[in-house]
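In what follows, a single structure is set out as structure tokens and then discussed.
Letters A, B, ... are given to chains in the order of the sequence lines, protein chains preceding strands, and every chain is numbered from 1.
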Amino acid sequence: MPELADVEIIRQRLEKALGGATITAAQSNDRRILRPQTPLSFTRALVGRTVEEVGRSGKWLRLELDDGTRLFSHLGMTGWWVEHERDDPKQKAERARIDFARDDGRESSVRYVDSRRFGRLIAAKDEIPEWIALGPDPLVDGIDVKKLAVALARSRRAVKDAVMDQSILAGIGNILAIEALWHARIDPRSSSDALSRADVGTLARGLKTALRRELKARAGATRPDEWQDVFSVYGRAGAPCPRDGSPIARIVIGGRTTTFCRTCQIRRS
DNA sequence: CTCTATGTTTAATT
DNA sequence: GAATTAAACATAGA
């Protein structure tokens with residue numbers, strides 16, 4: 001589920017659930033998700049701490065604790081944080097749990113569920129390299145068209161590949177990139193450095209439009225799969241383009257499935 | 001059985 | 001070196 005909008009929704013929920021709460025227990029036995037930590041160091045870093053802030057940059061979540069410890073969470077492909085009662089049984093594909101108490105004494109917990117286990121959970125005192133390497137976040141920092149143009153001009157990769165580069169813009173995933181390029185009427189295979197300044201402006205607007213739609217669609221979702229009819233071209237290979245009716249094409253760019261309209265999305269070069 | 005999947009990292013190749 | 005491309009990771013669902 002993790003596109004930028006999903007991670008932001010989860011951030012908001014975690015903030016509400018955990019902000020100001022004290023961690024009473026923290027457990028995970030999944031060394032793949034915890035790497036390079038051990039289950040014991042994970043527990044020791046968190047128990048007794050109070051959550052001061054839940055932040056996000058791109059697809060990374062960052063919980064800031066009262067002793068300066070930070071818990072970084074990446075959801076990978078199938079990760080999801082779910083609120084539960086403290087005594088609720090272990091969920092299917094539950095990989096970690098954090099139990100907490102509030103001032104009023106009420107206790108509950110959040111569970112990290114991740115079937116494919118591509119996600120990460122890292123408790124550290126310092127920022128991690130993955131977080132530091134992130135470019136500006138479209139929601140936190142906005143999109144600076146000038147800076148984006150400079151970054152895109154530096155590469156001859158396909159523009160879709162470039163906008164998904166987390167150091168250029170943090171949080172743009174396959175779906176957002178596909179949808180934004182459709183909105184902008186730009187062929188995803190276009191060379192990144194072939195876009196005009198106007199193209200970059202249009203692309204930035206396309207990203208905002210796609211992001212806005214995604215946020216709206218996800219706001220009410222409670223499960224990882226509540227999202228279908230909100231996309232214009234993603235997952236719609238062979239279906240008519242909503243703009244001109246041509247069949248949506250399906251190709252592979254950078255190893256990722258890409259759908260686009262061959263007639264209204266124009267190739268720059 | 002085969003194919004696909006919202007993401008990222010690493011190995012191999014050009 | 002840089003830049004691309006393919007493979008790998010692990011699991012579920014169609």
Below the 4.0 Å mark, does B:dG7 have OP1 or OP2 next to a side-chain nitrogen or oxygen of A:Gln166? no

May I ask you to say what A:Gly173 touches in the nucleic acid, namely base, sugar-phosphate or nothing, with a heavy-atom cut-off under 4.0 Å? sugar-phosphate

Of the candidates C:dA10, C:dT4, B:dG7, the side chain of A:Arg157 sits closest to C:dT4

Any side-chain N or O of A:Arg256 below 4.0 angstrom from OP1/OP2 of B:dG7? yes

Taking only the P atom of each, what is the distance from C:dA10 to B:dA11 in whole angstrom? 15 Å

Looking at B:dT4, B:dG7, C:dA10, which one has an atom nearest to any side-chain atom of A:Thr257? B:dT4

Indicate whether OP1 or OP2 belonging to C:dA10 is found under 4.0 Å from a side-chain N or O atom of A:Arg32. yes

Pair A:Trp131-A:Ser57, side-chain donor/acceptor within less than 3.5 Å: no

Which part of the nucleic acid, if any, lies within contact of A:Arg120, taking any heavy atom under 4.0 Å across all strands shown: a base, the sugar-phosphate backbone alone, or nothing? nothing

For A:Arg250, which contact category applies under a 4.0 Å heavy-atom criterion: base, sugar-phosphate, or nothing? sugar-phosphate

In whole angstrom, what separates A:Glu94's CD from C:dT11's C1'? 17 Å

Test: A:Arg243 cationic atom under 6.0 Å from A:Trp182 six-membered ring centre, within 45° of axis: yes

Examine the base of C:dA10 for any acceptor or donor lying under 3.5 Å from a partner atom in the side chain of A:Arg117, and report the outcome as yes or no. no

Near-parallel close stack of A:Phe118 and C:dA10 base (under 5.5 Å, under 30°): no

Is the A:Trp60 ring parallel, tilted or perpendicular to the A:His74 ring (thresholds 30°, 60°)? perpendicular

Check whether any side-chain N or O of A:His74 sits under 4.0 Å from OP1 or OP2 of B:dG7, and answer yes or no. no

